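Computed from a predicted model, the values in this text were never measured in an experiment.
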Amino acid sequence: MTQPMPLRTVREGIELSPIKAMELKASAIPDVVSLAQGIPSFDTLDIIKRAAIDAIRDGKVSKYSLSPGLPALREAIELDLRGDHLYYDYSKEILITAGSIEAITAILLTILEPGSEVVIFSPSYASYPQAVKVAHGKVVWVSLDEDNGWSLNLDRVEQAITPQTRVILFANPNNPTGTVIGRDQLQALAKLAKRHSIYLLIDEVYKELRYSNQPYWNPASDPTVKDFIVTIYSFSKIYAMTGWRVAFAAGEASLMQEVLKVHDALVTCAPVVSQYAALAALELAKTDREDVRKELEFRRNYLCERLDRLKPFFTYQFPTASYFVFPRYRRDQPSVEFANELLERAHVAVVAGSAFGPAGEHHIRLCFGRAREDIDRAISRIASYIQIL
């Protein structure tokens, strides 16, 4: 009997995100408290939901939008970006996508050729390597400096670039470390990209979740390097819209028109009802997101205070952004094994640090986007468990 052809994805090593795999495993165990996947505990704001319901009632969502997205939403994004000195033409340079990872994947599929290299900082979001593999690229890890607050070493980045390098992909603020790359280093990265004729792909999904006075800055505000930068932004986090699957990418027109072709092949357009919800978020909910940010800041402080009581077993860099803490544990055990032990014996779901690249080993990621009571129960269970290790 003939057999099907081998699955290409298996050969290329594409795997389910370790974050999603942990949530799947946790779902089969009763009474698990999860601090694993980055899901905010808040419900989507009523003003956003009402706008979506109105769009449904008015018959606006039953058909595809234009593939780039609703013109009204793209125009609102153009206006919003101007506030950060980022100037894009909504008709050619802004693309609405079905979540940020679809944007990243479509961009990589556009830019990369088989064997092209993508520099990714370690630790970084666990889905980046899978997106690179989907686009037939090769990941080149550059470790961040944990001893200096997970800072970026520009010399390491320079040394990692080869003639095959096409993209430097990173989140700012960083997931999982909760750190922010400052203006000077961003400027240097942008100049580096221009010098080597490669792209900076900057994932800013945690842009609004910053807790320090460090001002926001994106190197695309510099017209001398703007064409080498693509920025991705998601409505998922600050607006509690992870289930709506809506984000956008902004970049130079000729590139974005090519990305549009891939996006059209993948999804045709982002969910139309979600686009109307995103429009309401931009136009009506900006003041409400400050309440979300303040609550998350409180939860960060609470979680870190609890971790401080568990020293020296846990040590960590204090996060200044996102809703993650990335503690190192004092035990000679692979992070996957330790995370599985916490799940099976303490009934707490966390993400193994190795999911975020080689530098993440011997860490776990904890999400303080979850409800206060979940944070309390999870850390209490972990505290009880490590006492008997």
Side chain to side chain contact (heavy atoms under 4.5 Å, CB included) between Leu79 and Tyr90, worked out: CA-CA 9 Å; Leu79 294 173; Tyr90 80 90; over 6 Å; no
Main-chain N/O of Leu70 paired with Gln275 side-chain donor or acceptor, under 3.5 Å: yes
Pairing of Lys294 and Glu297 as salt bridge, 4.0 angstrom limit: no
Ring geometry between Tyr206 and Phe324 (parallel below 30°, tilted from 30 to 60°, perpendicular above 60°): perpendicular
Side-chain heavy-atom pair Arg156, Ser143 within 4.5 angstrom cut-off: yes
Geometric class of the Tyr128/Tyr125 ring pair [parallel <30°, tilted 30-60°, perpendicular >60°]: perpendicular
Under 3.5 Å donor-acceptor, Arg245 side chain and Ala270 backbone: no
Test: Lys25 and Glu344 ion pair at under 4.0 Å: yes
Under 3.5 Å: donor-acceptor pair, side chain of Lys237, backbone of Gly38: yes
Glu23 and Lys20 ion-paired at < 4.0 Å: no
Over-ring placement of Arg372 relative to Phe298, 6.0 Å and 45° cut-offs: yes
Close side-chain approach of Val230 and Leu201, heavy atoms under 4.5 Å: yes
Minimal non-hydrogen separation, Pro68 against Leu95, with atom names: CA-CD1, 3.6 Å
Contact summary for Ala378 and Val348, nearest pair of heavy atoms: O-CG2, 3.7 Å
Salt-bridge contact Arg381-Asp31 (side-chain N to carboxylate O under 4.0 Å): yes
Connected-component partners of Met22 among ILVMFWY, side-chain separation under 4.5 Å: Ile29, Val32, Leu343
Any side-chain heavy-atom pair of Val180 and Pro173 under 4.5 Å: yes
Qualifying side chain to side chain donor-acceptor pair (under 3.5 Å) pairs, either residue in residues 102-111, two or more places apart: Glu102-His263
Donor + acceptor pair across side chains of Asp54, Tyr276 (<3.5 Å): no
Contact check, side chains of Tyr316 and His363, non-hydrogen atoms, under 4.5 Å: no
Residues Arg74 and Glu78 bridged, charged N to O under 4.0 Å: no
Parallel, tilted or perpendicular, as decided by the 30° and 60° cut-offs, for the rings of Phe313 and Phe338: tilted
Chi angles and distances behind the side chain to side chain contact (heavy atoms under 4.5 Å, CB included) call for Leu284, Ile48: CA-CA 8 Å; Leu284 305 173; Ile48 297 173; over 6 Å; no
Side chains of Arg370 and Val33 in contact at under 4.5 Å (non-hydrogen atoms): no
Steps toward side chain to side chain contact (heavy atoms under 4.5 Å, CB included) verdict (Trp244, Tyr239): CA-CA 10 Å; Trp244 296 80; Tyr239 295 111; over 6 Å; no
Close side-chain approach of Asn175 and Asp203, heavy atoms under 4.5 Å: no
Six-ring centre of Tyr87, Lys226 cation under 6.0 angstrom, axis tolerance 45°: no
